[in-house]
Amino acid sequence: MKKLTFDYYMQIDYSEVVSSCHFTIKCLPKETLRQRVGKVTIKLSPDVSYNAGTDSFGNGQIYGWDDVDHTTFSFRITGDVCAGLDRREEKIDEDMLAVFRHPHGLNRAEEALSAYYEKLAGSLPADAYEKALFLSHSLHEDFVYEKGCTDVGTTAEEAWKLGHGVCQDYAHILIALLHMEKIPARYVTGMIPGEGASHAWVEIAKDGFWYGIDPTNDIPVGDNYIKIGEGRDAADCLINRGIMHGGGNQEQIVRVSVVEVSDGITDVG
């Protein structure tokens, strides 16, 4: 178990004035069996009001309308999390499980990725979780981490053909492999120490619960991980989404910090 404090900052600079903007921000740590969430502070600039709720996957979000003329929009979300309380993430909602059984959007496999799966299929262990670890390790060995060669719209198949990518690509490829093995799997966004940005990993269904595996680092998710939310692919888990009037070109700055703290966690029950 570790006590972690996090600081997530995003700033969007516009080349032209934005007269109004409808925004949705999904950057609130999720309460699970593995982690308890303490005090969370939210600051927006411009300083406008917002509402809080959840999306269709149960992820926390804030949303609102900014009608103040601005050329910069930013948010900072800080707080405390106690992580590593359990290996399990949360109990499976059987009504939602079918959503995570089948390929969707960015995690669809085509010819090249299917051929890679066929090469591995004969060596897979029997247990679903052990299969996931095996596939994660194989992917870690056969795929190269490299920033800048893929983007938010890159599919699992496209990334695999490139042979290079980032955590989003590792997660999409592993989900595609797991679906070919008929194992329900979902995409997860969160934060880890030393990353400087959000991180992505995978959860698989086993014995009535979800378990996290990080293919980028080839390890099970443990006490260094702060989970934000989950979905079918990265498009379901976008940290920031908005519709605006004006704005022109955009430049985005993201700074994320996660550190272990030795003192108590604020307001964790």
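- Residues satisfying the salt bridge (charged side-chain N to carboxylate O under 4.0 Å, His left out) criterion with E89, sequence neighbours excluded, are R34.
- Judged by a 6.0 Å distance limit and a 45° cone about the ring axis, R87 is positioned over the six-membered ring of Y129.
- The salt bridge (charged side-chain N to carboxylate O under 4.0 Å, His left out) test applied to E90 returns K30, R186, K227, not counting sequence neighbours.
- By the side chain to side chain contact (heavy atoms under 4.5 Å, CB included) test, H164 is found to be paired with V144, E146, C149, residues two or more places apart in sequence or in another chain being considered.
- Partners of F134 under the ring-ring contact (aromatic ring centres under 6.0 Å, His included) rule, at least two apart in sequence or in another chain, do not exist in this structure.
- Taking the centre of each ring, Y50 and Y63 stay at or above the 6.0 Å mark.
- For D127, the salt bridge (charged side-chain N to carboxylate O under 4.0 Å, His left out) criterion is met by K206, not counting sequence neighbours.
- With sequence neighbours left out, T78 forms a side chain to side chain contact (heavy atoms under 4.5 Å, CB included) with D7, T41, R76.
- Shown here are the side chain to side chain contact (heavy atoms under 4.5 Å, CB included) partners of L162, two or more places apart in sequence or in another chain: T150.
- With sequence neighbours excluded, the residues forming a side chain to side chain contact (heavy atoms under 4.5 Å, CB included) with T189 are Y187, I228, C237, listed by chain and number.
- The aromatic rings of H70 and Y14 sit perpendicular to each other, their planes meeting at more than 60°, with 30° as the lower class boundary.
- Between Y9 and F75, the ring center distance fails the sub-6.0 Å criterion.
- Grouped with W201 in one hydrophobic cluster are V188, I192, I219, V221, Y225, the linkage being side-chain heavy-atom contacts under 4.5 Å among Ile, Leu, Val, Met, Phe, Trp and Tyr residues.
- Residue pairs meeting the side-chain hydrogen bond (donor to acceptor under 3.5 Å, both in side chains) criterion with at least one partner in residues 235-261, sequence neighbours excluded, are R232-D236.
- Membership of an apolar cluster is not assigned to V152, as no side-chain contact below 4.5 Å to another ILVMFWY residue is traced.
- Hydrophobic clustering, defined by side-chain heavy atoms of Ile, Leu, Val, Met, Phe, Trp and Tyr closer than 4.5 Å, groups F57 together with I92, M96, L97, V99, F100, W210.
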